[in-house]
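Report on the structure given below.
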Amino acid sequence: MQQSVINKASKFLEVLDRKYPDATCSLRYNSAFELLVATILSAQCTDERVNKVTKVLFERYKTVQDFANIDIDELRNIIKPTGFYNNKAANIKNIALTLLNEYDGRIPENIDELTKLPGVGRKTANVILGNCFTPQGIVVDTHVKRVCRRIGLTKNETPEKIEQDLLKLIPKDKWNRFSHQTILFGRNICTARKPKCEICEMATLCHFYRGA
DNA sequence: CTCCCGATAT
DNA sequence: ATATCAGGAG
């Protein structure tokens, strides 16, 4: 591994800790199951909008059993503002049924079983693991991908390969923290449309900034 | 690769 | 008008 990439990573960790000393999950939830539902809703949608929807949703439906019995049309209506509502509604109900039938109503605690649930991919599974169980991965969402590629922590394109690169660069005890901080950095500074390079502390080390 | 898909910033 | 938002399945 190149020394320059290692230097960038440690500099980036330094900046993140200074800017976001107490970064946590921005989705609101009171259980692993609620976080699972919220994370599914967050696909291609801002977490702010998800929180508005889940506020209503979690008031009406509390338990896994409640979601297993839910009227699919009502669920569709409640979650409509998050987009992809047909898929998301079906997935959420099917997950609740699967959890009751195969897992005694509990959430599996490993990535292989989590990703077998309908509508749960690697990113969603890592969110659950990182926030609810022993941290076992780094979340590579659209923000983490964009930021790490721009800074030059990875040249890879797929979330899985990017995750592998980051797992080697970031100390294990910081994985979940790094995910939250990098997402905040991507939302506030290194935005997709008009990145605020003028105020970015990574600009001097950034490949993207120097115009590549 | 395409499709799912509403809301917002640019 | 278009890109983008805590993606995943076929």
Side-chain angles (χ1 to χ4, degrees), chain A residues 16 20 22-29 32-58 72-98 107-108 111-133 135-150 156-163 166 170 175-198 208:
Chain A
L16 289 177
Y20 310 111
D22 40 30
T24 54
C25 186
S26 48
L27 294 169
R28 293 180 156 208
Y29 64 97
F33 178 68
E34 285 193 356
L35 179 60
L36 183 51
V37 172
T39 308
I40 286 167
L41 293 178
S42 73
Q44 295 298 99
C45 178
T46 62
D47 54 337
E48 192 183 343
R49 183 159 303 283
V50 172
N51 286 335
K52 286 181 187 170
V53 167
T54 53
K55 186 178 179 185
V56 175
L57 186 63
F58 295 157
I72 196 79
D73 286 321
E74 191 177 347
L75 179 57
R76 254 197 284 264
N77 274 331
I78 296 174
I79 70 172
K80 184 167 276 188
T82 68
F84 300 157
Y85 53 89
N86 280 309
N87 288 337
K88 288 175 180 176
N91 286 335
I92 288 169
K93 175 153 185 170
N94 283 331
I95 285 172
L97 289 168
T98 305
I107 311 278
I111 195 152
D112 289 328
E113 292 190 293
L114 278 170
T115 51
K116 281 180 191 160
L117 297 171
V120 178
R122 197 171 181 85
K123 179 257 168 181
T124 301
N126 272 328
V127 170
I128 307 305
L129 291 176
N131 290 291
C132 298
F133 306 116
Q136 290 176 12
I138 290 178
V139 176
V140 179
D141 68 345
T142 177
H143 292 302
V144 175
K145 174 181 175 180
R146 181 181 66 252
V147 170
C148 293
R149 281 176 55 81
R150 280 180 178 172
N156 276 308
E157 182 68 36
T158 68
E160 268 193 47
K161 286 185 177 177
I162 293 173
E163 186 185 337
L166 294 176
I170 310 299
W175 285 352
N176 188 48
R177 181 180 173 76
F178 172 82
S179 303
H180 288 132
Q181 290 173 323
T182 305
I183 287 162
L184 281 177
F185 185 82
R187 278 204 328 217
N188 300 334
I189 310 283
C190 195
T191 51
R193 294 265 192 139
K194 246 179 103 186
K196 302 185 174 104
C197 302
E198 326 82 55
F208 181 79

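Quick note on labels: first sequence line is chain A, next is B, and so on, each numbered from 1.
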Least distance between heavy atoms, A:S179 atom then A:V139 atom: OG-N, 3.1 Å
B:dA7 and C:dG8, which share atom name P, separated by this distance in whole Å: 22 Å
Span that lies between the C1' atom of B:dC4 and that of C:dT4, in whole angstrom: 16 Å
Shortest non-hydrogen contact between A:V140 and A:K123, atoms and distance: O-CG, 4.0 Å
Check ion pair A:R28-A:E34 (N to O, under 4.0 angstrom): no
Pairs flagged by ring pair (Phe, Tyr, Trp, His ring centres under 6.0 Å) wherever residues 33-57 of chain A is involved - sequence neighbours left out: A:F33-A:F67
Sugar-phosphate only, base, or nothing, as touched by A:V50 at under 4.0 Å among non-hydrogen atoms: nothing
Position toward the 5' end of DNA chain C (nearest nucleotide), A:V120 or A:T24: A:T24
DNA chain C-proximal residues of residues 177-186 of chain A, any heavy atom under 4.0 Å: A:H180, A:I183
Contact boundaries on DNA chain C for chain A, cut-off under 4.0 Å to non-hydrogen atoms: C:dT2 to C:dA9
Residue whose nearest DNA chain C nucleotide is more 5′ - A:L117 or A:V139: A:V139
Set of residues satisfying side-chain hydrogen bond (donor to acceptor under 3.5 Å, both in side chains) with respect to A:R76, sequence neighbours excluded: A:D73, A:N86
Same-atom distance (P) from C:dG10 to B:dC5, integer angstrom: 14 Å
Contact summary for A:N188 and A:K196, nearest pair of heavy atoms: O-NZ, 3.1 Å
Atom pair CZ (A:R149) and CZ (A:F208), whose distance is rounded to the nearest 0.5 Å: 11.0 Å
Sugar-phosphate only, base, or nothing, as touched by A:T39 at under 4.0 Å among non-hydrogen atoms: nothing
Heavy-atom side-chain proximity of A:P108 to A:K116 below 4.5 angstrom: no
Sugar-phosphate only, base, or nothing, as touched by A:R76 at under 4.0 Å among non-hydrogen atoms: nothing
Please tabulate, for the side chains in residues 37-47 of chain A, all donor-acceptor contacts under 3.5 angstrom to protein atoms that are two or more places apart in sequence or on a different chain.
from	atom 1	to	atom 2	distance (Å)
A:T39	OG1	A:L35	O	2.6
A:S42	OG	A:T39	O	2.6
A:T46	OG1	A:R49	N	3.4
A:D47	OD1	A:R187	NH1	3.1
A:D47	OD2	A:S26	OG	2.6
A:D47	OD2	A:R187	NH1	2.7

Per-nucleotide protein contact string for nucleotides 1-7 of chain B, where B marks a base within reach and S marks sugar-phosphate only (heavy atoms under 4.0 Å, - for neither): ---BBBS
Neighbour count above 12 (heavy atom, 6.0 Å) for A:E48 CD: no
For the student: nearest non-hydrogen atoms of A:T98 and A:P118, plus distance: OG1-CD, 4.4 Å
Sugar-phosphate, base or nothing in reach of A:L35, heavy atoms under 4.0 Å: nothing
